[in-house]
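The figures that follow rest on heavy atoms only: side chains count, while hydrogens, waters and symmetry mates do not. Read the numbers this way: they start at 1 and go in the same order the structure lists the ligands and their atoms.
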Amino acid sequence: MKSIELLDLQIEIKDFLHSNNKIETYHHCITVGEYAYNLAKKSLADPNKAKIAGFLHDISAIYPNDQRVDVAKKLEIPLCKEEIKFPMIIHQKISRQTALDIFKITDPEILSAIECHTTLKGGYSDLDLVVFVADKIKWDQTGEPPYFSGLMDALNQSLEHAAYYYIEYLLNNDIKVVHPWLMDAYKELRNKLQIDL
Ligand SMILES: [Fe+2]
Ligand SMILES: [Fe+2]
């Protein structure tokens, strides 16, 4: 995507979120996209893909949690029992579908990174990893995340160390439900990083 097209996309995203009273989500998405782009410059052939995935990763914030099961059903998105129990997680899949249907993003790598930005997944790509980690560093709440300094230390080693650090933090803290994709990613990272339990 050329820089002029990227700018057009950014404007479209702003209009979409603004008209749905979600301008804070817009700022979060742009921050994550820019940060993901900078991370991706070190590891990806096309860092713009990370920027686009970041820009769109939380586009489904227009749907509140109590509507997400119904929206997913309407869009024919398959759900697992963990998602029905804790609908917040569904937003990653609805964002993917919205990126495809409304913003006409067809690149499967970008769609994958949007779809697993909350949980990561087994068989993750470098792009998936970049967007997952960027979203955790530039989180959507105020102040610094409680895991921030440990995550940044881990990131000095690699993106995979950073992702592993974050998932382990989640599992040791107040996680509501363990999504199967999160567990698959955790096991894969543990094997790759050769971490013994
Ligand atoms: Fe998200
Ligand atoms: Fe986010």
Side-chain angles (χ1 to χ4, degrees), residues 9-10 12-14 16-18 20-40 47 49-69 71-72 75 77 79-80 82-103 105 109-121 124-125 127-148 151-152 155 159 162-163 165-167 169-170 173-182 185-186:
L9 176 65
Q10 191 174 334
E12 268 182 69
I13 292 168
K14 187 175 187 177
F16 182 83
L17 289 171
H18 184 65
N20 283 284
N21 287 319
K22 286 285 171 190
I23 201 68
E24 281 174 17
T25 302
Y26 167 74
H27 293 302
H28 166 65
C29 284
I30 298 307
T31 306
V32 169
E34 298 291 352
Y35 196 84
Y37 176 83
N38 285 325
L39 280 180
K49 289 190 182 191
K51 188 178 274 193
I52 296 166
F55 281 2
L56 286 160
H57 81 284
D58 277 339
I59 198 76
S60 63
I62 62 164
Y63 303 111
N65 281 330
D66 64 1
Q67 291 179 16
R68 285 176 180 170
V69 171
V71 171
L75 295 171
I77 295 171
L79 298 178
C80 62
E82 290 79 5
E83 290 165 330
I84 291 168
K85 194 172 166 197
F86 189 53
M88 187 285 285
I89 328 178
I90 305 172
H91 82 278
Q92 59 179 0
K93 290 182 174 175
I94 302 176
S95 284
R96 177 204 178 274
Q97 201 61 44
T98 308
L100 178 65
D101 294 344
I102 296 181
F103 294 90
I105 301 296
E109 292 176 8
I110 297 175
L111 294 174
S112 168
I114 295 171
E115 182 180 47
C116 70
H117 77 264
T118 309
T119 58
L120 204 59
K121 62 183 174 185
Y124 56 80
S125 68
L127 182 62
D128 296 337
L129 260 185
V130 159
V131 177
F132 176 74
V133 170
D135 184 45
K136 308 307 171 256
I137 293 172
K138 297 291 178 186
W139 74 341
D140 57 1
Q141 297 174 53
T142 50
E144 202 169 79
Y147 49 78
F148 184 77
L151 180 56
M152 295 310 283
L155 184 58
L159 278 167
Y165 177 88
Y166 174 76
I167 297 176
Y169 171 86
L170 272 190
N173 285 277
D174 188 24
I175 189 165
K176 301 282 185 279
V177 296
V178 178
H179 193 281
W181 290 6
L182 185 85
Y186 180 66

>> Any side-chain to backbone donor/acceptor pair from His28 onto Lys138? Under 3.5 Å, distance only.
In response: yes
> Which pair of heavy atoms, one from Gln92 and one from Thr118, lies closest together, and at what distance?
Replying inline: OE1-N, 2.9 Å
> Taking the six-membered ring for Trp, are the ring centroids of Phe132 and Tyr166 within less than 6.0 Å of each other?
Replying inline: yes
> With sequence neighbours excluded, what pairs up with Leu100 under the side chain to side chain contact (heavy atoms under 4.5 Å, CB included) test?
Replying inline: Arg96, Gln97, Thr106, Leu111
> Should we count CD of Glu24 as having more than 12 external heavy atoms under 6.0 Å?
Replying inline: no
>> I'd like to verify the contacts: list protein N, O or S atoms under a distance of 2.8 Å from the Fe ion (ligand 2).
In response: His28 NE2, His57 NE2, Asp58 OD2, Asp135 OD1
> Is there a donor-acceptor pair closer than 3.5 Å between any side-chain N or O of Arg68 and the backbone N or O of His91?
Replying inline: no
